[in-house]
Amino acid sequence: MDVLDEILGSLRLTGGVVIDAEFTGDYCVRAQFTPDHCSPWFSVPQRLIAYHYVRSGRTIAQVEGMDPVTLETGSIVILPRNDAHILTNRSGVPPADVSEITWITADGIHRVATGTDGEKTEVWCGFLGSGKAADHPLIDALPPLLTLNVAGQEAQWLDSSMRFLAEGSPPPEMVAKMAELFLAQAIREYIEQLPSTSKGWLRGLTDPAVSKALSIIHERYAEDLDVEMLAREAGVSRSVLGERFSDLLNDSPMRYCASWRMRMAANLLRDGGMNTANVAYAVGFASEAAFNRAFKREYGMPPATWQKQAEAEEAANAKRADQRELPPQKVLYCKAQDGTRLAYSVNGEGPPIVKTANWLNHIQHDWDSPLWRHWIDEFTRGRSLIRYDERGNGLSDWDSPDLSFEAFVDDLESVVERAGADQFDLLAISQGAAVALAYAARHHGRVRRLIICNGYAAGWAVRGDPVEVARREAMVTLAETGWGADNPAYRQLFTQHYIPGATPKQMGWFNEMQRVSTSPANAVRLQRVLSKIDVRHLLPEVRTPTLIFHSRNDQAVPFSQGAELASGIPNAEFIPLESRNHILLGDEPAWERFTTELRRFLGGRC
């Protein structure tokens, strides 16, 4: 194993093939891998190396500031730092953003097709990923884009290997090892083309003395190395080795050795099989105290703290990767007592849980949502989940003349009866809580368990807080003037109000959800109806075991409203959540607390 292989091995790369792209005729795609491309099937890496393999046809790849590169069949383009780039068949074609292209997700692959009529180009796109501890001057020294061309038997091997990676569902470790082969080869070819007068870390690999010293450091970092020994084995004097290191790597041999030793220590800590004392001795320290000081100088925190942080990040990544394919959704329709058509869906198997509608819903649009997917996933594990769009929303009738609280309760009753749910658990979010409470008070025994999250018994006009009323009235005015506009700026105010901790992608989805889920007129009517809800008198009549969650810093519904529900419902449990989001996001600690307490409350049925 040479120095380059050792370095790539130390980066602990994982990988996968996640996009199968088919381009035809004239096309131009602006692309850049994001964690969302990886999260359905892989642990989300903190550092990404992107690559594209041209299976057939030809494409032009370009990173801003670099000349375009033409790639024929069998070519690979590698982006060591995952820079944004375009893939096109010719210059002048307007670029489309990959996120705006309709995808079909199946078998662990995003399938993308775009372009006009014409010749076809097929591309497999993958990534290599690593953690924060894998930052390395090798990656920093590479250009934004590398290419590798293969031919003959090598091309056949590469094509069959890539096909296996894309279609065979191998473990990420195997994908990474195979992808490392062509990454290493591309780097070697790039190094061979460097001018003899060039400087930098990569050039250091071509210097016999520096390369030899690097090899010793990488292999024997736990030994008591010194400059004299490194220079002797490299066949140069101490001063010559120091000068070449400084000139090419901008570092001294011993400083580089210390950094490499800490990198190896970080890898051992991240693996989790050793405590800090054992790691200290494994990387050559005679005392744990000395190791702690050295590690903190390198990473800014003690090794035990760093290890806990790394373990937490790994656990969060594993949780994202554990997302399964959702069970099929069946969309059905029924009619409320006044004839309003209601859309509802059933998916999953097992004891039923019904989710009351909340402002706003769209059972089809929510299905692919980065805001609701984790909710659907959680409540379909060993259960059947029944959701519906209340009147004026989503796939239900938008033109119902009766938008009232009583009509909302009737919607829930109609869906439950049509779905044949004799006894069920009931999930209520936001104003869905008031609907659920009214139903539970009327139908003793039908609801087995009631779960409320960020709900309220009295609407904002009833609560009467002057500041809140003024803010809400301003939002109603905005809905009147800009709800249906193409510019999402009007709707962004609602988005910030409900999910201030969301990512840009999540906010973008919520902006669009508002537009597609109801009309501007209905948005205003619904806000007026919800503002006047008052079911506080019904709280003592609820006999269903109830678990209430509320975000401490919820900007849409004050925390006090959750506490009011808990104090008014006999024997209700109340659990504060450390969040500022009205809709809990899947990657925030509050969601983990929510699911833990939820499963305890529902018992063996979840």
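One is the number of the first residue; the rest follow in order along the sequence.
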* salt bridge (charged side-chain N to carboxylate O under 4.0 Å, His left out) assessment of Glu378 paired with Lys355 -> CA-CA 13 Å; Glu378 176 64 30; Lys355 176 186 174 295; over 6 Å; no
* Asked: So, for Ile499 and Met507, which heavy atoms are closest and what is the spacing to 0.1 Å?
  -> O-CE, 3.5 Å
* Using modelled atom types only, decide if a donor and an acceptor are shared between the side chain of Ser369 and the backbone of His365 within a distance under 3.5 Å. => no
* How long is the span from the CD1 atom in Ile429 to the CG atom in Asn454, to the nearest 0.5 Å? -> 8.5 Å
* **Thr356 OG1 to Leu427 CG distance, which is reported to the nearest 0.5 Å** => 6.5 Å
* Asked: If you round to the nearest 0.5 Å, how far is CG of Leu530 from NZ of Lys532?
  -> 11.0 Å
* Using a 4.5 Å cut-off on heavy atoms from C-beta on, say whether the side chain of Phe549 contacts that of Ile451. => yes
* So, the side chain of Trp372 versus the backbone of Ile363: is there a donor-acceptor pair under 3.5 Å, distance only? -> no
* **Non-hydrogen side-chain atoms of Glu473 and Trp460 separated by less than 4.5 Å** => yes
* Asked: Which atom names give the shortest non-hydrogen contact between Val462 and Ile533, and what distance separates them?
  -> CG2-O, 3.6 Å
* To do: Output the distance between atom CZ (Phe379) and atom OG (Ser384), rounded to the nearest 0.5 Å.
  => 13.0 Å
* Asked: Within the distance-only criterion (no hydrogens, no angle test), does the side chain of Ser396 pair as donor or acceptor with the backbone N or O of Asp389 below 3.5 angstrom?
  -> yes
* **Heavy-atom side-chain proximity of Leu385 to Trp375 below 4.5 angstrom** => no
* Structure fact -> In short, Glu592 meets Thr595 closest at the heavy-atom pair O-OG1, 3.0 Å
* To do: Search all heavy atoms of Trp591 against all heavy atoms of Leu585 and return the closest pair with its distance.
  => CB-O, 3.2 Å
* If you count the non-hydrogen atoms of other residues, nucleotides and ligands that lie under 6.0 Å from CD in Gln337, is the total more than 12? -> no
* Hey, does the side chain of Glu390 reach the backbone of Phe408 with a donor-acceptor pair shorter than 3.5 angstrom? -> no
* To do: Output yes when a side-chain donor or acceptor of Gln423 lies under 3.5 Å from a complementary backbone atom of Gly445, and no otherwise.
  => yes
* Structure fact -> From the list Leu426, Val542, Leu538, Val409, side-chain contact (heavy atoms from CB on, under 4.5 Å) with Leu437 holds only for Val542
* Asked: Do you know the tightest heavy-atom contact between Ala343 and Leu395?
  -> CB-CB, 3.5 Å
* Asked: Going through the distances and angles, do Leu412 and Tyr439 end up as a side-chain contact (heavy atoms from CB on, under 4.5 Å)?
  -> CA-CA 8 Å; Leu412 173 58; Tyr439 181 92; 3.6 Å; yes
* Asked: Side chain of Asp397, backbone of Asp399: donor and acceptor closer than 3.5 Å?
  -> no
* N/O donor-acceptor pair under 3.5 Å between Arg391 side chain and Asp402 backbone -> yes
* **Distance-minimising heavy-atom pair for Leu584 and Cys453** => CD1-SG, 3.9 Å
* Asked: Does the pair Gln32 and Leu48 meet the rule for a side-chain contact (heavy atoms from CB on, under 4.5 Å), with working shown?
  -> CA-CA 10 Å; Gln32 185 175 36; Leu48 282 168; over 6 Å; no
* **Worked check of side-chain contact (heavy atoms from CB on, under 4.5 Å) between Val415 and Val354** => CA-CA 9 Å; Val415 169; Val354 178; 5.6 Å; no
* Asked: Which value, rounded to the nearest 0.5 Å, describes the distance between Gln527 atom CD and Leu360 atom CG?
  -> 8.5 Å
* Asked: In this structure, which one of Trp359, Tyr498, Phe559 forms a ring pair (Phe, Tyr, Trp, His ring centres under 6.0 Å) with His582?
  -> Tyr498
* To do: Establish, yes or no, whether the cationic atom of Arg449 lies under 6.0 Å from the six-membered ring centre of Phe601 and within 45° of the ring axis.
  => yes
* To do: Examine distances only and state if a side-chain atom of His550 and a backbone atom of Val557 form a donor-acceptor pair shorter than 3.5 Å.
  => yes
* Verdict with supporting geometry, Phe295 and Thr276, side-chain contact (heavy atoms from CB on, under 4.5 Å) -> CA-CA 10 Å; Phe295 193 94; Thr276 55; over 6 Å; no
* **Minimum side-chain heavy-atom gap His374-Asp587 below 4.5 Å** => no
* Measure the spacing between CD of Gln307 and CZ of Arg270 and express it to the nearest 0.5 Å. => 11.0 Å
* To do: Could you walk me through whether Glu349 and Arg381 pass salt bridge (charged side-chain N to carboxylate O under 4.0 Å, His left out), step by step?
  => CA-CA 8 Å; Glu349 297 181 356; Arg381 292 181 180 266; over 6 Å; no
* Does a salt bridge link Arg446 with Glu417, judged by any charged N lying under 4.0 Å from a carboxylate O? -> yes
* For the pair His497 (side chain) and Gln555 (backbone), establish whether a donor and an acceptor sit closer than 3.5 Å, ignoring hydrogens and angles. => yes
* Asked: So do the side chains of Asp411 and Val435 get within less than 4.5 Å of each other, counting heavy atoms only?
  -> no
* Under 3.5 Å: donor-acceptor pair, side chain of His443, backbone of Glu413 -> no
* **Side chain to side chain, Gln364 and Gln329, heavy atoms closer than 4.5 Å** => yes
* Asked: Below 4.0 angstrom, N of the basic side chain to O of the carboxylate: do Arg448 and Asp425 qualify?
  -> yes
* To do: Answer whether the closest heavy-atom distance between the side chains of Ser579 and Asn553 falls below 4.5 Å.
  => no
* Asked: Given side chains that start at C-beta, do those of Pro302 and Asn292 come closer than 4.5 Å, heavy atoms only?
  -> no
* Within a reach of under 6.0 Å around CZ of Arg418, are more than 12 heavy atoms found that belong to other residues, nucleotides or ligands? -> no
* To do: Show the numbers, then the answer: is there a salt bridge (charged side-chain N to carboxylate O under 4.0 Å, His left out) between Glu564 and Arg463?
  => CA-CA 12 Å; Glu564 181 179 61; Arg463 297 194 294 265; over 6 Å; no
